[in-house]
Amino acid sequence: TQLLEQSPQFLSIQEGENLTVYCNSSSVFSSLQWYRQEPGEGPVLLVTVVTGGEVKKLKRLTFQFGDARKDSSLHITAAQPGDTGLYLCAGAARGQNFVFGPGTRLSVLP
Amino acid sequence: DTGVSQNPRHKITKRGQNVTFRCDPISEHNRLYWYRQTLGQGPEFLTYFQNEAQLEKSRLLSDRFSAERPKGSFSTLEIQRTEQGDSAMYLCASSLGQSKYFGPGTRLTVT
């Protein structure tokens, strides 16, 4: 059983569309991180969210941490082919090791 | 470039051979992590150093695996008597606080 679940597993959209991907858990996390990983490369840190209800924006990406700190979402506005990649959420639940979710593989078609 | 670096980027080896990977973390980061990632999965934790002390090891880290960080700076991960199941991307990360920064990884293929 995954401590962190991510949905959807795969997402293929056209350039210019909006999308939201989700990261969920039954456990409370002190913080959650979102990474993007391209094939053959290591994950690149996008953001760390710490406070329940927190919203952070990074250009066209909006990250939200749930009020109960058990879930997070990533919304991309007007997706571009350069957004293609594997989006991973990761964090450490109370008393647990830092873990990654299985990722959402996003493909943005031109 | 002051990010995390890993060498080599790719390694192909025959089953039964030993391999060693190197990780150079961001210089002021005291924590260093090794992860393994297989196709279609998120990274899985292997081991963690704070300075030169190895504080935690996953049960994934069998006795064929050994990691060192002798001076609290760079780290090496050695796999002895490689098996085909060891084929994966081996990722190193470093951190000072909550945020981890990853290197580009070493892709190991065991034939």
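As the structure is a prediction and not an experimental result, all values here were calculated from the model.
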(request) May I ask you to check whether over 12 heavy atoms, not counting those of Lys11(B), lie within 6.0 Å of atom NZ? (result) no
(message) Taking CD in Gln9(A) as the centre, count heavy atoms belonging to other residues, nucleotides or ligands within less than 6.0 Å. Is the count above 12?
(response) no
(message) Membership question, hydrophobic clusters at under 4.5 Å side-chain separation (ILVMFWY): are Leu11(A) and Tyr87(A) in the same one?
(response) yes
(request) Consider only side-chain heavy atoms of I, L, V, M, F, W and Y, link residues closer than 4.5 Å, and tell whether Leu61(A) and Ile13(A) are in one cluster. (result) yes
(message) Under 4.5 Å between side-chain heavy atoms, counting indirect links through other Ile/Leu/Val/Met/Phe/Trp/Tyr residues: same cluster for Met89(B) and Val19(B) or not?
(response) no
(request) Please look at Gln33(A) and chain B and tell me whether the side chain, the backbone, both or neither of the residue comes under 4.5 angstrom of a heavy atom of that chain. (result) side chain
(request) Side chain from CB out, backbone as N, CA, C, O: work out which of these in Gln37(A) comes under 4.5 Å of a heavy atom of chain B, or both, or neither. (result) side chain
(message) Would you say Trp34(A) ends up clustered with Leu19(A) if hydrophobic residues are merged whenever their side chains have heavy atoms under 4.5 Å apart, either directly or through other cluster members?
(response) yes
(request) Give me the contact list for residues 25-40 of chain B versus chain A, heavy atoms only, anything under 4.5 Å, ordered by residue number. (result) Tyr35(B), Gln37(B), Gly40(B)
(message) Please say yes or no: joined through hydrophobic side-chain contacts below 4.5 Å, possibly via intermediate residues, are Leu91(B) and Phe100(A) part of one cluster?
(response) yes
(request) Report, by ascending residue number, the residues of residues 46-80 of chain B in heavy-atom contact with chain A at a distance under 4.5 Å; give 'none' if the set is empty. (result) Glu56(B)
(message) Taking CG in Leu109(A) as the centre, count heavy atoms belonging to other residues, nucleotides or ligands within less than 6.0 Å. Is the count above 12?
(response) yes
Can you give me every donor-acceptor pair (side chain of residues 104-111 of chain B, partner residue at least two apart or in another chain, under 3.5 Å) with its distance?
unit_1	atom_1	unit_2	atom_2	d
Thr106(B)	OG1	Pro8(B)	O	2.5
Thr111(B)	OG1	Thr13(B)	O	3.3

(message) Which residues in residues 42-52 of chain A have any heavy atom closer than 4.5 Å to a heavy atom of chain B?
(response) Gly42(A), Pro43(A), Leu45(A), Thr48(A), Val50(A)
(message) Are there over 12 heavy-atom neighbours, none belonging to Arg60(A), within less than 6.0 Å of that residue's CZ?
(response) yes
(message) Is there a side-chain contact between Arg9(B) and Glu41(A) in this structure, where contact means two heavy atoms from C-beta onward sitting under 4.5 Å apart?
(response) yes
